[in-house]
Every structure is written in C-alpha cells, then in structure tokens.
Amino acid sequence: MLDTKYDHIKVEENKYNDWKEKGYFNSGDKTKQPYSIVIPPPNVTGKLHIGHAYNVSIQDAIIRYKRMQGFDTLWLPGMDHAAIATEAKVVKRLKDQGINKYEYGREKFLDACWDWTHEYGGTIRDQWAAMGISVDYNKERFTLDEGLNKAVTKVFVDYYNKGLIYRGEKIINWDPAAKTALSNEEVIYSEEKSAFYHLKYKITGTEEYLDVATTRPETLFGDTAVAVNKDDERYKKYIGMTVELPFMNKSIPIIADEHADMEKGTGVVKITPAHDPNDFEVGNRHNLERICIMNDDATMNENCPAKYVGMTREDAREAVLEDLKAADLLLEIEPLVHEVGHSERTGVMVEPMIKEQWFVKMDGLAEQLLKIQTEKDNKVNFVPDRFENLLKSWMTDCHDWCISRQLWWGHRIPAWYKDGEIYVGMEAPEGEGWKQDEDVLDTWFSSALWPFSTLGWPDKTEDLERFYPNDCLVTAYDIIFFWVARMMFQSEELNGVRPFKDCIIHGLIRDKEGRKMSKSLGNGVDPFDMIDKYGVDALRYYLNTDVAFGTDLRFDETKLTSTWNYINKIWNASRFVLMNIEGLKELTFDNLTDEDKWILTKYEKIVKSSIAHMDKYEFNLFGTETYSFIYDDFCSNYIEFAKFNSESNTTKSVLCYVLTGILKLLHPFMPFVTEEIYQMLPIKDAESIMISEYPKYDKSFVDKETTKVVEEKIEFIKAFRNVKTENNIPKDAKVIINTNDEIIIKMLKLQDVMINEPEDIKSYDVKSGSYEATIFYEKEETEEDKALKEKQINDLKASIARRKNLLANENYVAKAPEALVNKERETLAKEEEQLALLTK
RNA sequence: GGGCGUUUAGCUCAGUUGGUUAGAGCAUCUGCCUUACAAGCAGAGGGUCAUAGGUUCGAGUCCUAUAACGCCCACCA
C-alpha cells in the first residue's frame, strides 16, 4: 500500500534503468508507424543546465505520448563536439597545467579533447537518466564520429564541386583569443562606453585640415584614404586632394564615396580597408591598398611605427591618443555609447581582419528555403508560427557563411594544396607534396546535417527511410539562425525535403525577475538541485505546463512546490482508490449510478481535449484542464461520492478506470510517479505504463442528461454549504429538504437534522435546480449579516437588470446563437428565483 | 533604422474560431484535525483586461493609433 505522503526520492529509484534494460526506449518495431525526434545535441563542454532540462522535458513528453499511442518511436540522442567552445575549455585546462596548445601539438591536443569528451559525455548521460528521458541509446551519435565525419566530408566535396562552397579572401570576424575566424552569428553585439575621437588630418599643402571622427583611432596606421560624400558642400572642394596621415609620414587621398554620410559624425570618414567591413567595401570600390596592422592576437604588427609594435589594441589606442594630443592633432573627445562585437565563446572584442577562408554561398540556398516555406505540404511548421517570420527575415538578407575555423577540434577541411593548386575530395590526393588544409569546419556545419546524418546518410539506410524527415524538432528561439535555418537549407539542398515536419520553438528560462540567468549574476538554477528537492516529475510537469511555447519562462521555485503538492494530491487520491479496489478482478460497468455516469462523461471529455491539446502542443492548456478535472471533479467530488458507494463493484471499476486514465494522461509529463502507481493497480493492460495504450475517447460513456442532473446536485451542495458558512450556522441546525437523494443527504450530513414541519424560528432558504432546502437557525442578525444580504440582493438585481436588457435587445435575440439565448433566459429565471428567496 | 513580442488579480501566468458576471496557482482573509491527503478540506475577498478611438446585437479576443517594457536583425564611421 502507498505511504500517506508522496516521496519522490523513493518513487524515482531504480525505474530508469529498469525501463532502459527492458528496451522500452528502443525503436525498431516495424509493424508500427514510425515517429522520430532527434535531440538537439548538447555541447560536450560541460553539464546540462535548466534550459536543457526544459528542452528535453518537452521532447520526452512528446515521445512518450506518441509511444503510448502505438508509434515506433525513435528519439535519437547525441552530443555535439562544439568545436570552438570545447577547444576553448581544453585550452584552458591545459593552460592550467602549464601546457601551451601549439607547443603540445595537434595530435596530443586532440587526444586531450577526446578525453574531455568522454568525461563530460558520461556526465551528460547520467543527467539524461536523472531527467528520465526515453532516448534510444542504441542510436546515439556524436558529431565527430566516423559516420558523421563521412557525411560532413561528402557535403563539403559535393558543394565544392557544385560551386556552393568557395575559398576566398574577405574581411571576416576574427577572434584574437581563439585565433580563428567566426561567422556573423557568432558575434554578439553589446553596448559599450566609448568615444568619438575627432582627429586632425592636415590637408597636404594647405593650412587647412579635416576633422575626422572615429571610434578606433588606433587603426589609423592602416588608413589608406578618407572619404566624404560627393554632395557634401563642406568638403566637395577637397576631393582629389590628399591628407597627411599622422605618424606615418605619408599622404592618403580624399575620395568621394557614398559610405560617407553627411549626417553622421563630421561627414568625414577615415578608411581602413583591412580592419572594417565597410571600409573594406569602400576599398574595393576605389582600389585602395589593404594594410593589416595587427597580428593574429590583435597586437600591433610591424606595419605600425616601431614604437607601437607589440602593443595590444587597447594600449595602442591610449598611446596613439596621447601622441596625437602631444602633436596637437586631437580635436575633441565626444563620449559615445555604441555597439561593439564580441566573440560568442571567448568574449573578446572581435577584430575585423582580411583572411582567406572557406564560405558557403548562401543566395541560392536561401531562395530555395523560402520557396519551400510557401508550399503547404513541404514546409516546416513552426510552433508558434510567428517564428517562421524571424527565419524568413534572416534568410531574406543573409551573407555567405564563413565555415572555416582556425581550430583543431573539429572536422578537418578536405582540401589539399600543392603549388597553388587545390584538390578537394573524400580522400587525400595521389602523389607527393600535397598538404591538407590546417583548418576545421564551423561546428554548425556538422550539426546542420544532424536530422539525417545521424540516420546513416549518405547511405540509404533503413533508418533513414523510416525516420527522415523527422516528425518534430524542439529547440529554443535563440538558435533558429545557428541551427534550424541551416538544417533546413542543408536538408532541402541535399535531399530535396524538409528536415522535420514540425518545429517547436520554446522560450528561454529566466529568473523570477525576468533576468537572463548568468554566472556573473549568480541567479542560475541547477535543475539537479530542483530534482533533489522536488523530484523530476514535479520539475518536468512545471516546465512543460507553465507557459505556452515561445514565451520565456520565469523560474519560480514556489510553483515547483505547488506542483509537488499536486502530485501529492494525485498520490493520495490513488491511495484512496487502491485501498478501495483491492481484489478487483475485472471492470464492470453495469448499473452505473448517476455519479458514475457523470465522472465517466467528464473523463471522456478530458481525454478528448487532452489529445487535441497534445496534438497541437498546447501543453499548458492540457495542464490547466486536467488539473481541474483531477482536483475538482475526481478528487473533490467523485471520490467523495464514491465513499458512500464503496461496496459497489461498478463504482470500484469506475474508480479504477478513471484513475488508470489519469495516470496515463499524465505519464508523458510525470513518468516516475505514474509508473509507481500504475504498478499497484489490480488490473492493468501492460507491464509498464510506458508501453501501455494512451486513453482514447470513448463516446459510449458520455451521458449528457445524467451529467446535467449530477451537476445540479453538486451546485446545490455547494450553495447549501455556502449559506451555512456565510451565516455561521452550526452543524445541528434543523433542515427541511425536498429530496431524499442519498448523496446529497450524506454529503451534507443531514441524516440527523432533517425535519418535516417548519420551526417557528428564523430560516434560510437554499435552491438550486430542482433541489430546495430550508435551514432553521435563530440568530441575532448583525450589521455585517445585513450588509452581506443587501449586497447579495443588489448584485442580483443588477445582474437581472442587465440580463433583461440583453434579452430585450431584438438584435441580440435575432443574431446570437439560439442555445446562448436560451441559456440566458434560464439563468434569468434562476436569478429571479434567488432574488425571491432572499427578499421573501 | 527595420521587425517581433509583451502589457489581464498583490506575484507568475491561462484565456481556442468574438458569446453569461474574465480563470488558475501562489499570496491574503474566515471556518474546519470530515477515517485518501493539514504539503489538506469548506468558503471569501481581490481585475474599468496598458491608453484612446473604431467595427459589432456583443470585444480581453478583430481593426487603427499611442505609450511602457523586452527581444531580434541591420555596414551606425
């Protein structure tokens, strides 16, 4: 028998391994319809956080639901090597041991990365188990494993041959800490206090000068021109002349270019083609020299005057400003707050640099994706759909994707060079002297293939045939650009199909005040602390049902407490049911009482709506509706009714039937506790609730007429209790009642107080539907009582007036649905009755 | 500069295609140890649904403006 209290620690013990060992998580029953989800592979950089917990909770709910509905479900687990992120961690670990990555060498470094991967991979698998997620471990993949490596290489080679991948010298975002190129998406802009420095560039051969406003004075060594707008009356006359570049002993031309905006700054822009993306474009238009003035670690190089060589960017800025000031070339410092790009991973300021890199040509891929999104049966359905707009706007205006990274941990680029020749292929070319590209690919290049590379692609495997396109993908909105978009265009280009049918986008988890969780604020929540305190069922249920998908979730521990209470409630209701149905051999539904019919009707209704909500991914609505069914209908009313009928095998059967259904409905969200209770049922349809059949709507149990009768009873009981509490009437007050309905009499404990003749004292009337009662109780009427009564009368009068007015409106009566109008009339009649009782 | 989202009870959020007097949890108040559950039970109070217009018999819901907050994108020297 169950304990009186729900003990989540005890309940969660041993179940996961048991499920796993029995093979419930595994796909492979080919007699069933396939259903597939691939997990967004977590980075092997560390432990899972609350966001991961949220993400996998949703997926597990979906996959358990589908499994119970009889699908051959594959939830494919895996992890991401996370090139730059992991490499940064390993570099740091080695550094702490006094080891330098470059001195250590590529091979040994990669070994260290693999060690790291195995270590954290194990942690992640343990955490998955603690979350109770039903992934098919037989199919687990890693983005750097052999199969995926092959897929990645093949895509690279094919794209190269199709001209979709090219190598080129462009200005790219350079991370001087990791010493690698980054894609635009890996650059995070944040506001920074800075200044507009007004520099004095003297015009050659005159006493005049130009006031050049810049935020980056230290890049002046790389200036190769200053630009003004051709229509700018102030500067027009100088076009074609030159200015003296400070400290460099050279003059650079004053050019006219549209980039110079008359409204901005002073209208004069210094042009540094090697260190600014705009200036790079200007340089291209005017054939300007590109002078790189920094080393890969963003220290100043030998293209700067000797004094500055070796300084960091920051030190160089200070030094330049000082020297400018000394030379009387610094006109003004205007404080300014502007957006500065930082590396997503290392956090350092990104330096635009000209480098030879590999790129994916985006225009055609983007166009194709946008076209497919217009086709109803081929598009990816976003939930909520507004995120499709976000995707579209990004795809409409996207730049070529820089995919090469100057890292070691990743898929090595399958390109070989010899004497200016390039060879791209699956294997190294024949012959001597070929040298493979040192670089690896952006980690997102391999994750973009995840929905199909994990299933064996490019081979035409059975899994690929069955499970691709995937049925669903679940991820947060912050990686739509990084990942979702790229999976889409890769899948569509390579296989001509969408990667998945539905794409569920959930929000981010914030703290109670709505702030992002961060290390520096110390407001992060460790999901595993919460699991210890409240159990994983409570955590999963809370995360899944708290908010609609797409909106951010403010994490509130008190809600976890109330979820725990809810589970405890279910636990105790189950305890009652189990105590009463012990020994039940089979379900019988003969001679159902009205109350039995009522709860069955309510139950079937909730089954129907639950399925609808599950299918539409409206988990929050599922939550509120099942909550009120379980709490109000089942616990507060039906169980109370059943207490007076506990010998009946039919009522026992109904209790068992409805409880079983409740457990099944909740199982996708609370797998452990529902399994624990399910195992104690005297009658069950499977050896585990995990593989039992999800409830189906059974119309034959629906009885609307009886339901109405019972609902009237419940209403009456409630009204009766209300009158008693409101008037502080003691239990033994005498009562005349017009029914001998056992349920009413027992629920209201009227057995010993019923009388037939009215007493000659003050009385209170209760009426609801066909039920009427009078309670006799002499009591001095206080001012409070009078006020209360007056309020009730006034409220009723107002309501009656409003309703009469409504029904007098011909337009309303003519246009509103008839049922609605009838209901209004009924309510009006009821209210008038009530009023009559009160004013009697 | 574009785009998106949010604004509903003290707090966190629901509110399907417009349809009674707008819901839940937590918090507050009153009364209860009623034999599944005091981490519970029976009740109560609390909202001019951000603002201003409009459409409609009827608007939290649809339309138009406005405001505040938040997010995303964009080459702001």
Side-chain angles (χ1 to χ4, degrees), chain A residues 2 4-6 184 189 196 212-216 227 259-261 263-272 276-282 336 338-339 352 384 386-387 389-390 393-394 397-399 477-478 480-481 507-508 510 512 514 545-548 550-556 558-559 561-580 609 612-613 616 618 620-621 623-625 627-628 631 635-636 639-640 643 718 721-722 724-726 728 731 749 795 798-799 802-803 806 809-817 819-821 823-824 826-828 831:
Chain A
L2 271 67
T4 52
K5 259 182 200 171
Y6 161 57
N184 294 341
Y189 288 88
F196 243 152
V212 182
T214 178
T215 52
R216 301 204 62 195
H259 171 57
D261 185 335
E263 309 295 321
K264 275 185 196 160
T266 57
V268 186
V269 199
K270 69 197 250 328
I271 303 298
T272 323
D276 183 286
N278 292 311
D279 296 2
F280 180 78
E281 296 300 325
V282 177
L336 170 83
H338 71 149
E339 302 259 303
R386 74 180 119 92
F387 288 104
N389 297 335
L390 193 66
S393 67
W394 189 65
D397 181 30
C398 64
H399 303 263
Y477 61 72
D478 61 338
I480 292 177
F481 302 143
L508 307 178
R510 298 175 175 276
K512 216 182 157 195
T545 58
D546 190 50
V547 294
T551 40
D552 288 349
L553 187 151
R554 292 190 185 202
F555 194 88
D556 182 352
T558 65
K559 288 193 180 179
T561 316
S562 47
T563 306
W564 190 97
N565 290 344
Y566 178 39
I567 299 176
N568 187 50
K569 182 80 183 176
I570 295 164
W571 179 266
N572 273 292
S574 307
R575 193 165 163 265
F576 172 85
V577 174
L578 290 170
M579 272 161 50
N580 280 282
S609 75
H613 291 317
K616 287 192 270 181
E618 297 166 337
N620 57 330
L621 299 182
T624 46
E625 287 178 20
Y627 182 92
S628 99
Y631 229 111
C635 294
S636 297
I639 284 184
E640 295 306 321
K643 283 179 183 172
K718 199 171 167 164
R721 284 173 173 164
N722 241 323
K724 278 186 86 171
T725 38
E726 269 174 11
N728 274 320
K731 288 175 196 163
K749 299 187 167 52
D795 286 354
S799 184
R802 194 193 58 81
R803 226 176 288 278
L806 183 64
N809 183 335
E810 278 173 37
N811 259 324
Y812 171 75
V813 178
K815 290 184 186 171
L820 205 70
V821 178
K823 221 170 176 185
E824 282 291 333
E826 269 174 43
T827 316
L828 180 62
E831 284 177 340

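Atoms considered below: every heavy atom in the structure, side chains included; atoms not considered: hydrogens, waters and symmetry mates. Protein chains get the first letters and strands the later ones, always in sequence-line order, with residue 1 at the start of each.
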How far apart are the closest heavy atoms of A:P352 and A:R216, and which atoms are they? CD-NH1, 4.2 Å
Heavy atoms only: give me the nearest A:Y477-A:F387 pair and the separation to one decimal. CB-CE2, 3.5 Å
What's the [atom1]-[atom2] distance between [X] and [N], to the nearest Å?
X      : N     : atom1 : atom2 : answer
A:Y6   : B:C37 : OH    : C1'   : 15 Å
A:I480 : B:C4  : CD1   : C1'   : 11 Å
A:N620 : B:U16 : CG    : C1'   : 11 Å
A:N811 : B:A59 : CG    : P     : 13 Å
A:L820 : B:A59 : CG    : P     : 14 Å
A:H613 : B:A14 : NE2   : C1'   : 11 Å
A:D546 : B:G23 : CG    : P     : 21 Å
A:K724 : B:G43 : NZ    : C1'   : 14 Å

Using ring-ring contact (aromatic ring centres under 6.0 Å, His included) as the criterion, list what pairs up with A:Y812, not counting sequence neighbours. none
Atom [atom1], compared across [N] and [M]: separation rounded to whole Å:
N     : M     : atom1 : answer
B:U56 : B:A24 : C1'   : 30 Å
B:U64 : B:G23 : P     : 29 Å
B:U7  : B:G15 : P     : 10 Å
B:A42 : B:C37 : C1'   : 15 Å
B:G54 : B:C72 : P     : 38 Å
B:G60 : B:A50 : C1'   : 12 Å
B:C62 : B:G1  : P     : 28 Å
B:A77 : B:U6  : P     : 32 Å

Mind checking A:Y631 for me? I need base, sugar-phosphate or nothing, with any heavy atom below 4.0 Å counting as a touch. sugar-phosphate
Categorize A:N389 for me: base, sugar-phosphate, or nothing, with a 4.0 angstrom heavy-atom threshold over every strand shown. nothing
Donor-acceptor pair, distance only, cut-off 3.5 Å: does the side chain of A:N572 make one with the backbone of A:N568? yes
So, A:D552 side chain and A:G507 main chain: donor-acceptor pair closer than 3.5 Å or not? no
Not counting sequence neighbours, which residues clear salt bridge (charged side-chain N to carboxylate O under 4.0 Å, His left out) with A:E831? List them please. A:R803
Distance from [X] atom [atom1] to [Y] atom [atom2], nearest 0.5 Å?
X      : Y      : atom1 : atom2 : value
A:L508 : A:D478 : CG    : CG    : 5.0 Å
A:H399 : A:N184 : NE2   : CG    : 5.5 Å
A:T551 : A:R510 : OG1   : CZ    : 11.0 Å
A:N565 : A:Y631 : CG    : OH    : 7.0 Å
A:F576 : A:I639 : CZ    : CD1   : 6.0 Å
A:D276 : A:E281 : CG    : CD    : 10.0 Å

Would you say A:H613 and A:E625 are linked by a side-chain donor-acceptor pair, where the criterion is simply a distance under 3.5 Å? yes
Taking 4.0 Å as the cut-off, does a side-chain nitrogen or oxygen of A:R721 come that near to OP1 or OP2 on B:A42? no
Sugar-phosphate atoms are those with a prime plus P, OP1 and OP2; base atoms are the rest. Using that split, label each nucleotide of nucleotides 68-77 of chain B B, S or - for protein heavy atoms under 4.0 Å, 5' to 3'. ----SS-BSB
Where along nucleotides 26-36 of chain B does protein come under 4.0 Å, by heavy atom, of base (B) or sugar-phosphate alone (S), with - for untouched nucleotides? S---------B
Can you give the dot-bracket line for RNA chain B, where a pair is Watson-Crick or G-U wobble with both atom distances under 3.5 Å, crossing pairs use [ ], and | marks a partner on another strand? (((((((..((((.....[...)))).(((((.......))))).....(((((..]....))))))))))))....
Closest-nucleotide 5' rank along RNA chain B - winner of A:N809 and A:A816: A:A816
Start with the C-alpha gap between A:F481 and A:L390, add the side-chain angles, then the distance that decides, and say whether side-chain contact (heavy atoms from CB on, under 4.5 Å) holds. CA-CA 9 Å; A:F481 302 143; A:L390 193 66; 3.9 Å; yes
I'd like to know if A:K5 reaches the base of B:A39 with its side chain such that a donor and an acceptor end up less than 3.5 angstrom apart. yes
I'd like to know if A:E640 pairs up with A:K643 as an ion pair, taking the criterion as any Lys NZ or Arg NE/NH1/NH2 lying under 4.0 Å from an Asp or Glu carboxylate oxygen. yes
Protein N or O to nucleotides 6-8 of chain B N or O, pairs below 3.5 Å:
none

